[in-house]
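Below is one structure; the comments refer to it alone.
As the structure is a prediction and not an experimental result, all values here were calculated from the model.
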Amino acid sequence: YSVSHFHAHSKTSPVPPVRSVVMNGQGPHGKELSGIPETPMTAPWSESLEELHQESSRTHFLDRWTRLAMIDRIPLGKVSATIGDVGCSTGYMLEDLHARFPQARLVGVDFIYSGLRTARENVPHSALMQADAQKLPFCEASVDIIVSANLLEHVPDDVEALRQMHHATKPGATVVL
């Protein structure tokens with residue numbers, strides 16, 4: 001991982017300055033994500049939980065309702081905002097965000113490799129990064145909106161994750177949890 005600041009790149013739009021690796025190219029073991037290791041065994045979430053989540057959460061009524069209710073709380077005047085999805089998993093929230101805000105710059109962050117691999121397929125127009133919510137890769141005050149669904153209960157230090165979200169957002173930003 002590079003810890004120096006640089007500008008991340010997605011396939012279609014610029015994203016805020018970050019402190020991490022962006023996943024767009026070929027990666028380890030022939031996988032499509034570059035420079036990203038498999039998820040550590042000490043993760044508070046697992047590849048098997050991610051697989052279960054992938055199978056059920058795209059169309060399950062409660063997951064769908066949660067995503068749409070969260071998106072409804074984003075001000076419509078933020079159509080070209082930079083939106084970070086912390087705990088983006090498979091990218092279903094990013095897909096819904098893109099449908100509502102097609103001009104927004106979308107950035108997904110997740111700790112689990114397999115979810116990000118699926119997100120790359122689901123939202124190729126978004127920048128994706130593997131990172132811990134307790135150490136978000138965004139530079140200070142670089143994001144207009146952060147959304148995060150069903151994440152904090154899986155983070156060992158949820159207060160630190162909230163501090164990281166606060167650090168990443170611009171003054172007056174919207175955070176939807």
Side-chain angles (χ1 to χ4, degrees), residues 8 10-18 22-23 44-45 49-112 114-134 136-155 157-177:
S10 72
K11 291 185 177 181
T12 60
S13 64
V15 295
V18 297
V22 175
M23 305 188 317
W45 186 258
L49 284 172
E50 185 64 29
E51 185 176 315
L52 176 65
H53 173 76
Q54 287 181 25
E55 292 174 14
S56 66
S57 66
R58 180 186 290 271
T59 58
H60 189 277
F61 77 95
L62 190 54
D63 291 299
R64 185 123 179 85
W65 178 87
T66 299
R67 291 193 309 268
L68 296 177
M70 291 177 73
I71 290 170
D72 283 345
R73 277 143 185 86
I74 297 173
L76 290 176
K78 301 278 188 169
V79 294
S80 63
T82 297
I83 304 174
D85 181 1
V86 179
C88 71
S89 185
T90 52
Y92 301 148
M93 173 73 84
L94 291 168
E95 282 182 311
D96 293 342
L97 285 164
H98 180 68
R100 180 80 60 92
F101 303 102
Q103 300 303 312
R105 291 173 302 282
L106 301 176
V107 183
V109 178
D110 205 281
F111 193 67
I112 304 296
S114 62
L116 290 167
R117 186 176 53 238
T118 302
R120 171 56 50 224
E121 296 167 10
N122 292 335
V123 286
H125 51 273
S126 299
L128 299 171
M129 296 174 280
Q130 184 177 30
D132 186 331
Q134 300 163 116
L136 288 176
F138 301 113
C139 291
E140 184 175 3
S142 61
V143 180
D144 298 298
I145 298 165
I146 287 184
V147 296
S148 184
N150 306 314
L151 170 78
L152 292 175
E153 65 270 23
H154 302 287
V155 177
D157 188 349
D158 54 355
V159 173
E160 182 57 28
L162 291 169
R163 277 189 201 109
Q164 291 288 309
M165 290 180 204
H166 180 262
H167 174 82
T169 53
K170 295 176 181 177
T174 299
V175 176
V176 183
L177 305 173

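- By the 4.5 Å heavy-atom criterion applied to side chains, Val143 and Val107 are not counted as neighbours.
- With sequence neighbours left out, Arg73 forms a salt bridge (charged side-chain N to carboxylate O under 4.0 Å, His left out) with no residue at all.
- Qualifying side chain to side chain contact (heavy atoms under 4.5 Å, CB included) partners for Leu162, counting only residues two or more places apart in sequence or in other chains: Leu152, Met165, Leu177.
- For Ala133, the side chain to side chain contact (heavy atoms under 4.5 Å, CB included) partners are Val86, Leu151, Val155, Ala161, not counting sequence neighbours.
- What you find for Ala168 and Phe138 is that their closest heavy atoms are CB-CB, 3.6 Å.
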- Task: Could you check Ile71 against Met93 for side chain to side chain contact (heavy atoms under 4.5 Å, CB included), going step by step and ending with a plain yes or no?
- Result: CA-CA 9 Å; Ile71 290 170; Met93 173 73 84; 3.9 Å; yes

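- Proximity of Arg120 to Leu128: side-chain heavy atoms (C-beta onward) are separated by under 4.5 Å at one or more points.
- Proximity of Ile145 to Phe101: side-chain heavy atoms (C-beta onward) are nowhere separated by under 4.5 Å.
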- Task: Applying side chain to side chain contact (heavy atoms under 4.5 Å, CB included), run through Asn150 and Asp63 and close with a yes or a no.
- Result: CA-CA 9 Å; Asn150 306 314; Asp63 291 299; 4.3 Å; yes

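- One distance of note links SG of Cys88 with CD1 of Ile112; it measures 11.0 Å at 0.5 Å rounding.
- Asp96 places a side-chain heavy atom less than 4.5 Å from the side chain of Arg64.
- Under the 3.5 Å distance criterion, the side-chain polar atoms of Gln130 are matched with a main-chain donor or acceptor of Phe111.
- At least one donor-acceptor pair closer than 3.5 Å links the side chain of Arg105 to the backbone N or O of Ser80.
- Residues in residues 165-177 take part in these salt bridge (charged side-chain N to carboxylate O under 4.0 Å, His left out) pairs, two or more places apart or across chains: Asp144-Lys170.
- Asn122 places a side-chain N or O within donor-acceptor distance of the main-chain N or O of Thr90, the cut-off being under 3.5 Å.
- Looking at every heavy atom in both residues, Leu116 comes nearest to Met129 through CD1-O, 3.7 Å.
- Taken from NE2 in His98 to CD in Gln103, the straight-line distance is 8.5 Å, to the nearest 0.5 Å.
- Pairs of residues two or more places apart, or lying in two chains, never qualify as salt bridge (charged side-chain N to carboxylate O under 4.0 Å, His left out) while including a residue from residues 79-92.
- When all heavy atoms of Ser89 and Ala119 are compared, the pair lying nearest together is O-CB, 3.5 Å.
- One finds the CG atom of Asp110 at 10.5 Å from the OG1 atom of Thr118 (value rounded to the nearest 0.5 Å).
- For the atom pair CE of Met70 and OG of Ser148, the computed distance is 6.5 Å after rounding to the nearest 0.5 Å.
- For Arg163, the side chain to side chain donor-acceptor pair (under 3.5 Å) test picks out Glu160, with sequence neighbours left out.
- Between Val123 and Leu106 there is no side-chain heavy-atom pair separated by less than 4.5 Å.
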